[in-house]
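Please read all numbers here as calculations on a predicted model, not as lab measurements.
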Amino acid sequence: ESTALYVLTDIMKEYALEIAKEIKWNSEVGSRAQPNLMDALNAAYDYGYTKEIQLEHMRKARLNFVPVQSLDLEIPS
């Protein structure tokens, strides 16, 4: 059992909780009960993850966003 792994897991958990609190705070400032994508992006920006950094990351990772095809979804009438 690796003690270092447990320590790293605890650090990552605390970091994730801190980001979640920031996202929740952003939604409350916007008078919403549920956070949305903009709240998450604003929290990322607050932590220094700017639009330019996000775009550069997407370029390096060669990410592209393809819309989900709705053929598999049944929409109730």
Discussion item. Considering only residues two or more places apart or on different chains, which pairs with a residue in residues 43-56 satisfy salt bridge (charged side-chain N to carboxylate O under 4.0 Å, His left out)?
Written reply: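 Sorted result for residues 43-56: Glu56-Arg59.
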
Fill in: Inter- and intrachain pairs under salt bridge (charged side-chain N to carboxylate O under 4.0 Å, His left out), touching residues 13-27, at least two apart
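Pairs touching residues 13-27 that pass the test: Lys24-Glu28.
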
Fill in: Same apolar cluster (I L V M F W Y, side chains within < 4.5 Å links), Met38/Tyr45
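Not linked; separate clusters.
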
Item to complete: Enter the distance from Asn42:CG to Asn36:CG here, rounded to the nearest 0.5 Å.
Response: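 Output value for this atom pair is 8.5 Å.
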
Discussion item. So which atom in Pro35 and which in Ile23 form the shortest heavy-atom distance, rounded to 0.1 Å?
Written reply: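 For Pro35 and Ile23, the tightest heavy-atom pair comes out as CB-CG2, 3.6 Å.
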
Item to complete: Might you point out which heavy atoms bring Ala43 and Asn26 nearest each other, and give the distance in Å?
Response: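 Answer, listing the atom of Ala43 first, then Asn26: N-ND2, 3.3 Å.
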
Fill in: Pairing residues for Asp39 by the side chain to side chain donor-acceptor pair (under 3.5 Å) criterion, not counting sequence neighbours
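By the side chain to side chain donor-acceptor pair (under 3.5 Å) rule, Asp39 matches Arg32.
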
